[in-house]
J.: 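Structure below; questions to follow.
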Amino acid sequence: MRMYDLIQKKRDGGELTGEEIRFFINGYTAGEIPDYQVSALMMAIYFQKMTEAETYELTMAMCESGEQLDLSSIPGIKVDKHSTGGVGDKTSLALTPMVAACGIPVAKMSGRGLGHTGGTIDKLECFPGFTTALTGEQFLENVKKIGIAIMGQTLSLAPADKKLYALRDVTATVDNLSLIASSIMSKKLAAGADAIVLDVKTGSGAFMKKEEDAKALAEEMVRIGNSAGRRTIAVISDMDQPLGRAVGNALEVREAIDTLMGKGPSDFVELCMTLGSCMLLAGGKAESETEARKLLAEALESGRALEKLAEFVAAQGGDKEVVYHPERLPRASIQEPVCAWRDGYLSHITCDEVGMCSLILGGGRETKDSVIDLSVGIVLEKKVGDFVKQGDRIAVFHANDALKCAEARERFVKACTISEEPPAQSRLIKEILY
């Protein structure tokens, strides 16, 4: 078998076999096939697309290219959750304790952020002493003991995907449905969960700007997961404005804690309830959405979900008292409001621009070596659809640098539109796919 023949076959619109896909994935991972040949194949795939069968075979080849976690020693059905990312997406911080408090074990691998805000690990490090540097034994033991563990992504998990993504990133071949779906699902399958719930975002703050593109990606990933024998559910959710009110690491942690205390913003609570219901259904803890929502509501109202977060933080070396005293979280030295410049309805917020404002303040990474300021960010006091009067506070900027704060506030104002007529309200939950 020659790589040249595979490139030519795909260039001419042919369908690669599972054996051919494994040949190039295994050869590339081992360093036996050069970048220039794989780049040529990626470009051929970009233009000729992949069939469902090819996409599945590519996913499984990347999944099997390295370590696969064995969670079989953990009792019960293990359910993982993945989000395609967005602005203010702190969902895992509130959702995983809610679900674990209902008896679903959550064994999750997460990463650091690269872009407008930190990743789940960065946010968790707002708790002094918290670490995700667990051994495999510690990881499994924590899930068995308290129902949650989150560790950093290991380099040995789906190494073919890491290598292939880096190549796609510099050869303009990232934006292909099959390649995106196989990249996400290869890591999810290798992480060992029995069932997977996907939060696929759509809108100005999402990777998939158009709803039809988000649905196509969701359908592809659900198909892959189910074909691999993992029950997979996808929720398509709105990201045309920031999720909740807080954008920025410690600010988002506080909002997650508020949510577990029963004081969360309505859109964030609804997303957690929807995703949580899907996780309880997939994990066999509920037979209907109504029953699942009731169980989640009880976990919140009883305080068990908040206690579960504290247990989880303490088990991974963090100060659990911060869960009960969130005023101890990192706090910025400057709080500057942005006020409405006229009467009217807040009709639009360009969501990804709010993320860029957080990045300017220091809340994200421009490169993988950037150091995040955990205390900075933005808290929205008004959301799209709210009526404002001139002088009303739309948002408060939390900063430690006056010049950065001024630059970010100016950019934020340009991202907001105030109109005489109220905007059409978009649905938070667009669709759920099984």
Side-chain angles (χ1 to χ4, degrees), residues 25-26 29-30 59-83 91-93 95-97 99-101 103-114 118-166 182-198 224-225 228-232 279 282-283 308-320 368:
I25 285 294
N26 293 340
T29 305
T59 305
M60 297 311 295
M62 292 197 296
C63 170
E64 294 162 6
S65 67
E67 176 188 2
Q68 296 180 68
L69 293 186
D70 181 2
L71 306 182
S72 60
S73 64
I74 302 170
I77 299 173
K78 281 70 69 180
V79 185
D80 199 357
K81 167 258 173 190
H82 174 78
S83 170
T91 311
S92 291
L93 301 174
L95 177 63
T96 53
V99 169
I104 293 286
V106 180
K108 186 168 176 55
M109 302 193 78
S110 293
R112 297 186 182 278
L114 181 59
T120 298
I121 289 177
D122 298 299
K123 294 178 177 71
L124 286 168
E125 287 178 350
C126 291
F127 295 104
F130 188 94
T131 181
T132 54
L134 305 177
T135 65
E137 292 75 18
Q138 289 172 319
F139 180 68
L140 295 173
E141 188 58 36
N142 282 3
V143 181
K144 291 176 190 175
K145 185 178 177 183
I146 64 168
I148 312 178
I150 296 180
M151 68 185 292
Q153 290 172 345
T154 167
L155 294 176
S156 58
L157 197 78
D161 172 65
K162 183 179 179 64
K163 194 169 181 180
L164 199 60
Y165 189 89
S182 60
S183 175
I184 292 170
M185 292 303 292
S186 64
K187 293 190 288 287
K188 289 289 104 181
L189 294 173
D194 303 308
I196 301 163
V197 173
L198 303 160
I224 291 168
R230 318 290 177 91
R231 185 174 181 186
T232 306
M279 293 177 78
K308 189 59 69 178
L309 176 64
E311 279 185 78
F312 160 57
V313 168
Q316 296 196 204
D319 182 358
K320 73 174 184 178
K368 62 182 176 64

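Note that the numbering runs from 1 along the sequence shown for the chain. What you see below is based on every heavy atom in this structure, not just the backbone, and it leaves out hydrogens, waters and symmetry mates. Predicted model, so just to flag it, every value in this text is computed and none were measured.
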J.: Check the pair S92 / K81 against side chain to side chain donor-acceptor pair (under 3.5 Å), numbers first and verdict last.
T.: CA-CA 8 Å; S92 291; K81 167 258 173 190; 3.1 Å; yes
J.: Look only at the side chain of S186 and the backbone of S183, and say whether a donor-acceptor pair between them is shorter than 3.5 Å.
T.: yes
J.: Which heavy atom of G152 sits nearest to which heavy atom of I121, and what is that distance?
T.: CA-CD1, 3.6 Å
J.: With sequence neighbours excluded, what pairs up with E67 under the side-chain hydrogen bond (donor to acceptor under 3.5 Å, both in side chains) test?
T.: S156
J.: What are the two closest non-hydrogen atoms of A315 and N142, and how far apart are they?
T.: O-ND2, 3.7 Å
J.: Mind checking what makes salt bridge (charged side-chain N to carboxylate O under 4.0 Å, His left out) contact with K188, not counting sequence neighbours?
T.: D80
J.: Any side-chain heavy atom of L124 within less than 4.5 Å of one from Q316?
T.: no
J.: Tell me, which pairs form a salt bridge (Lys or Arg N to Asp or Glu O under 4.0 Å) where one or both residues lie in residues 134-154, sequence neighbours left out?
T.: none
J.: Measuring from atom CZ of F139 to atom CG of L69, what distance do you get when rounded to the nearest 0.5 angstrom?
T.: 6.0 Å
J.: Answer yes if the ring centres of F312 and F127 are under 6.0 angstrom apart, and no otherwise.
T.: no
J.: Taking the side chain as C-beta and beyond, is there a heavy-atom pair between K320 and E311 under 4.5 Å?
T.: no
J.: Under the side chain to side chain contact (heavy atoms under 4.5 Å, CB included) test against I224, which residue among T59, I196, T232, I184 passes?
T.: T59
J.: To the nearest 0.5 Å, what is the distance between CG (L157) and CE (M151)?
T.: 9.0 Å
J.: Hey, does I150 have a side-chain heavy atom less than 4.5 Å from the side chain of M109?
T.: no
J.: Quick check for you: to the nearest 0.5 Å, what is the distance between T29 atom OG1 and E64 atom CD?
T.: 11.5 Å
J.: Measure across K308 and A100 and return the closest heavy-atom pair with its distance rounded to 0.1 Å.
T.: CG-CB, 3.9 Å
J.: How many angstroms lie between CD1 in I104 and NZ in K78, if you round to the nearest 0.5 Å?
T.: 10.5 Å
J.: So, taking the atom named CD in Q138 and the one named OG1 in T131, what distance separates them when rounded to the nearest 0.5 Å?
T.: 8.5 Å
J.: Considering all heavy atoms of both residues, which atom of I77 and which atom of A282 are nearest to each other, and what is their separation?
T.: CG2-O, 3.9 Å
J.: Looking only at heavy atoms, which two atoms of C63 and A190 are closest? And how far apart?
T.: SG-N, 3.7 Å
J.: Determine the minimum heavy-atom distance between D161 and M62, stating which atoms define it.
T.: CA-SD, 3.7 Å
J.: To the nearest 0.5 Å, how far apart are NZ in K162 and OG in S65?
T.: 12.5 Å
J.: Taking the side chain as every heavy atom from C-beta outward, state whether L140 and L71 have any atom pair closer than 4.5 Å.
T.: yes
J.: Within a strict 4.5 Å, meaning less than it, do heavy atoms of the D194 and V79 side chains meet?
T.: no
